[in-house]
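What follows is a short report on a single structure.
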Amino acid sequence: DAGVTQSPTHLIKTRGQQVTLRCSPISGHKSVSWYQQVLGQGPQFIFQYYEKEERGRGNFPDRFSARQFPNYSSELNVNALLLGDSALYLCASSVDSGANVLTFGAGSRLTVL
Amino acid sequence: GEDVEQSLFLSVREGDSSVINCTYTDSSSTYLYWYKQEPGAGLQLLTYIFSNMDMKQDQRLTVLLNKKDKHLSLRIADTQTGDSAIYFCAEDLYNFNKFYFGSGTKLNVKP
């Protein structure tokens with residue numbers, strides 16, 4: 001079985017641009033979470049979605065948004081990019097919103113110039 | 001409940017035991033986790049422990065939990081060069097599936 005897949009793996013943007021990151025969860029997993037990992041730090045929670053509904057939001061500005069599709073895949077959008085948005089964006093899936101095991105993808109590395 | 005602290009570096013020789021420590025601040029955490037991250041990769045779940053347990057062993061890995069001191073440790077027996085990575089502890093507050101991670105401990109295993 002495929003694990004959590006994310007695309008693109010790497011991308012470079014300039015300040016003020018917008019970016020969309022994509023995630024496909026493990027088959028059968030209905031919950032997707034997004035984390036931001038800045039270099040040298042641990043991941044920080046951004047969003048959790050379950051059955052297309054937002055179940056949790058971390059301390060991130062409104063420039064960050066996400067959605068989940070009927071097939072449980074998800075997109076993370078970041079508008080008006082800042083240099084500080086440069087990070088590894090990790091997607092994780094779990095069976096349901098109450099499950100306690102998150103399986104992470106390899107991440108999308110975003111560089112903002 | 002958002003302050004999960006770890007020491008930054010640990011260096012051991014191959015074959016020795018490694019002990020990675022973590023402190024957390026919220027006794028409401030129901031589950032505590034250890035993840036491993038190799039260069040350029042995502043996070044790999046190593047093990048987790050429920051808050052009503054004191055210890056959990058899984059092959060070379062032993063997790064110890066001291067709830068009174070809010071201290072979590074991960075012991076790796078017979079450490080191998082392939083264990084070189086960054087290790088993160090994380091807590092899931094109130095079982096909300098919202099994880100708080102420490103900054104990670106970089107383990108260097110010397111041959």
Side-chain angles (χ1 to χ4, degrees), chain A residues 2-7 9-10 21 23-26 29-51 53-60 66 68 87-109 111, chain B residues 1-9 20-26 28-53 56 58 63 72 74 85-107:
Chain A
V4 177
T5 57
Q6 294 186 242
S7 64
T9 55
H10 296 82
L21 307 177
C23 172
S24 292
I26 291 172
H29 285 195
K30 298 181 179 180
S31 178
V32 169
S33 300
W34 288 94
Y35 287 78
Q36 181 197 63
Q37 186 179 20
V38 173
L39 194 64
Q41 297 182 18
Q44 280 197 297
F45 174 78
I46 310 176
F47 286 111
Q48 185 199 24
Y49 277 79
Y50 174 71
E51 293 279 14
E53 289 189 3
E54 182 184 301
R55 289 297 181 92
R57 172 185 282 258
N59 188 23
F60 281 82
Q68 187 177 32
L88 180 68
Y89 288 85
L90 295 163
C91 174
S93 74
S94 56
V95 173
D96 58 44
S97 64
N100 302 105
V101 176
L102 295 181
T103 303
F104 284 84
S108 294
R109 183 163 297 281
T111 301
Chain B
E2 301 182 20
D3 293 330
V4 180
E5 295 187 354
Q6 302 178 237
S7 53
L8 292 179
F9 298 102
I20 302 171
N21 295 301
C22 169
T23 57
Y24 60 99
T25 57
D26 199 311
S28 302
S29 295
T30 54
Y31 286 91
L32 295 139
Y33 303 81
W34 285 103
Y35 279 85
K36 175 183 179 182
Q37 187 175 38
E38 297 183 77
L43 299 175
Q44 173 195 353
L45 176 67
L46 291 177
T47 187
Y48 62 96
I49 188 168
F50 188 51
S51 58
N52 69 350
M53 298 170 64
K56 181 179 179 182
D58 185 1
V63 178
L72 181 74
L74 173 70
I86 300 176
Y87 291 79
F88 293 94
C89 67
E91 58 180 345
D92 181 8
L93 288 182
Y94 312 113
N95 200 28
F96 281 170
N97 222 18
K98 176 182 176 181
F99 285 28
Y100 291 96
F101 286 84
S103 295
T105 299
K106 186 171 184 179
L107 174 64

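Every chain is numbered from 1, with letters handed out A, B, ... down the list of sequences.
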TODO: Check each atom of A:Q44 against the heavy atoms of chain B and say whether the ones under 4.5 Å are side chain, backbone, both or neither.
DONE: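 Neither the backbone nor the side chain of A:Q44 comes within 4.5 Å of chain B.
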Task: Residues, nucleotides or ligands: over 12 heavy atoms within 6.0 Å of B:K56 NZ - done: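 More than 12 heavy atoms, drawn from other residues, nucleotides or ligands, come within 6.0 Å of this atom.
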TODO: State whether the number of non-hydrogen atoms from other residues, nucleotides or ligands found under 6.0 Å of A:N59 atom CG is greater than 12.
DONE: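 No - once you tally the heavy atoms of other residues, nucleotides and ligands closer than 6.0 Å, there are 12 at most.
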Considering non-hydrogen atoms only, spot the tightest contact between [X] and [Y] and give its length.
{"X": "A:L88", "Y": "B:A41", "result": "CD2-O, 4.3 Å"}
{"X": "A:V101", "Y": "B:Y48", "result": "CG2-CE2, 3.8 Å"}
{"X": "A:F104", "Y": "B:L43", "result": "CB-O, 3.5 Å"}
{"X": "B:F99", "Y": "A:Y35", "result": "N-OH, 3.0 Å"}

Task: Any side-chain heavy-atom pair of A:P43 and B:F88 under 4.5 Å - done: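 Sidechains of B:F88 and A:P43: in contact.
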Task: Rounded distance (nearest 0.5 Å) linking atom CD of B:Q44 with atom OG1 of A:T103 - done: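 Atom-to-atom, B:Q44:CD and A:T103:OG1 are 10.5 Å apart.
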